[in-house]
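This report refers to the structure that appears directly beneath it.
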Amino acid sequence: MRLDKFICKSTEYNRSQARALIEAGEVVVNSLKIVDPAQQVHENNSIVLNGRDLVARPSRYIMLHKPADSICSNVDEGYPSIFNYIDVPAMDDLHIVGRLDTDTTGLVLVTDDGRWSFNIISPQQQCEKVYLVGLRNPIAADAAEKFSTGVLLQGEKTPTLPAKLEVINPTQVRLTITQGKYHQVKRMFAAIGNKVVKLHREKIGSLALNLDESAWRYLTAAEIASFNS
Ligand code: URA
């Protein structure tokens, strides 16, 4: 990993503070002063900051039940960031694994392990995401068939990958998709002439949301490992 990332993972410093310390010559890697924040290091290297031996803290893997009217970003856009609901050290080091829209509720994963999140969001993995969807109009009789073969989203050149639709009642359905295009679920229903009025993510892979709204918890070792295919 990058040296500045390692400093973040082993101290309370954020990325820009870590960079400043490295550039000021305060960091020694395997007995050599390193001033390049992008230098690749390994956790087994001897990394010393101002005479203090650093040890990287274990990565964090977090599940959050995102409430409506919160944003999956650090930038204040008029709604609270989902990071306001999580209380752990070194928040700056965390990132969101697959964002939800401001009005969407449900399962959000947060981590500081980039390889793990790549496994989940990489298109090649085709990780399943399950959404409970409220619709403005009754679901069309041929919707499941259309989604199972793929629909063309506005502005796209290729149809969506096969998706599973379960009808709960005429205006409530459960949709399972393996892609993560921008506003994918809303655009899929728009493509068949309907409109999403409520959207909630229930599941990512085999991991189901089991928290009250706005609550968070660390994932178990088995839950973390379930994404390492
Ligand atoms: N698809 C959407 O349209 N919105 C979300 O928040 C998630 C998936």
Side-chain angles (χ1 to χ4, degrees), residues 62-86 94-111 116-140 143-144 146-168 171-216 227:
I62 290 168
M63 163 194 287
L64 168 75
H65 185 160
K66 177 190 177 295
D69 297 338
S70 61
I71 50 163
C72 283
S73 144
N74 308 37
V75 186
D76 181 355
E77 289 166 9
Y79 292 104
S81 159
I82 61 146
F83 289 108
N84 291 354
Y85 299 99
I86 299 168
L94 296 172
H95 62 268
I96 297 161
V97 188
R99 292 159 194 270
L100 293 178
D101 297 336
T102 306
D103 55 352
T104 303
T105 59
L107 175 57
V108 170
L109 297 176
V110 174
T111 185
W116 184 77
S117 52
F118 181 76
N119 251 339
I120 300 171
I121 56 173
S122 154
Q124 281 73 33
Q125 294 295 327
Q126 297 195 8
C127 179
E128 283 192 347
K129 274 88 51 180
V130 181
Y131 292 89
L132 194 59
V133 187
L135 296 168
R136 186 167 65 187
N137 305 312
I139 188 79
K146 281 186 173 164
F147 285 163
S148 74
T149 52
V151 290
L152 199 58
L153 305 184
Q154 197 174 29
E156 303 281 343
K157 291 196 173 70
T158 50
T160 51
L161 291 178
K164 274 181 271 175
L165 186 79
E166 177 198 340
V167 178
I168 299 167
T171 55
Q172 194 177 40
V173 297
R174 182 171 282 117
L175 180 71
T176 303
I177 58 174
T178 57
Q179 292 172 291
K181 288 183 187 288
Y182 183 64
H183 292 328
Q184 171 135 0
V185 176
K186 291 173 183 167
R187 289 165 73 207
M188 283 177 73
F189 284 95
I192 59 162
N194 210 321
K195 185 172 166 60
V196 173
V197 291
K198 212 165 191 311
L199 189 54
H200 176 82
R201 185 156 65 195
E202 297 183 317
K203 232 171 152 188
I204 302 176
S206 59
L207 183 64
L209 181 64
N210 57 1
L211 293 171
D212 290 340
E213 193 167 270
S214 307
W216 69 275
F227 292 103

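Source: prediction; values computed, not measured. When a ligand or atom number is given, it counts from 1 through the structure's own listing order.
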Table please: side-chain donor-acceptor pairs of residues 149-156 below 3.5 Å, with sequence neighbours left out.
residue: Thr149; atom: OG1; partner: Glu145; partner atom: O; Å: 3.2
residue: Thr149; atom: OG1; partner: Lys146; partner atom: O; Å: 3.2
residue: Glu156; atom: OE1; partner: Lys181; partner atom: NZ; Å: 3.4
residue: Glu156; atom: OE2; partner: Arg187; partner atom: NH2; Å: 3.0

Scan the side chains in residues 189-198 for donor-acceptor partners under 3.5 Å anywhere in the protein, sequence neighbours excluded, and list what turns up.
residue: Asn194; atom: OD1; partner: Asn137; partner atom: N; Å: 3.1
residue: Asn194; atom: ND2; partner: Asn137; partner atom: O; Å: 2.8

Filter the ligand 1-protein atom pairs down to N or O on both sides and distance under 3.5 Å, then list them.
residue: ligand 1; atom: 1 (N); partner: Val185; partner atom: N; Å: 3.1
residue: ligand 1; atom: 3 (O); partner: His183; partner atom: O; Å: 3.2
residue: ligand 1; atom: 3 (O); partner: Val185; partner atom: N; Å: 3.3
residue: ligand 1; atom: 3 (O); partner: Lys186; partner atom: N; Å: 3.0
residue: ligand 1; atom: 4 (N); partner: Asp101; partner atom: OD2; Å: 2.7
residue: ligand 1; atom: 6 (O); partner: Asp101; partner atom: N; Å: 2.7
residue: ligand 1; atom: 6 (O); partner: Asp101; partner atom: OD2; Å: 3.4
residue: ligand 1; atom: 6 (O); partner: Thr104; partner atom: OG1; Å: 2.9

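- In summary, the aromatic rings of Phe227 and Trp116 are positioned with their centroids under 6.0 Å apart.
- Judged by distance alone, the side chain of Thr176 and the main-chain N or O of Val130 form no donor-acceptor pair under 3.5 Å.
- Under the 4.5 Å side-chain criterion, counting only non-hydrogen atoms from C-beta, Ile120 is not in contact with Gln125.
- Contacts of Glu213 classified as salt bridge (charged side-chain N to carboxylate O under 4.0 Å, His left out), with partners at least two apart in sequence or in another chain: none.
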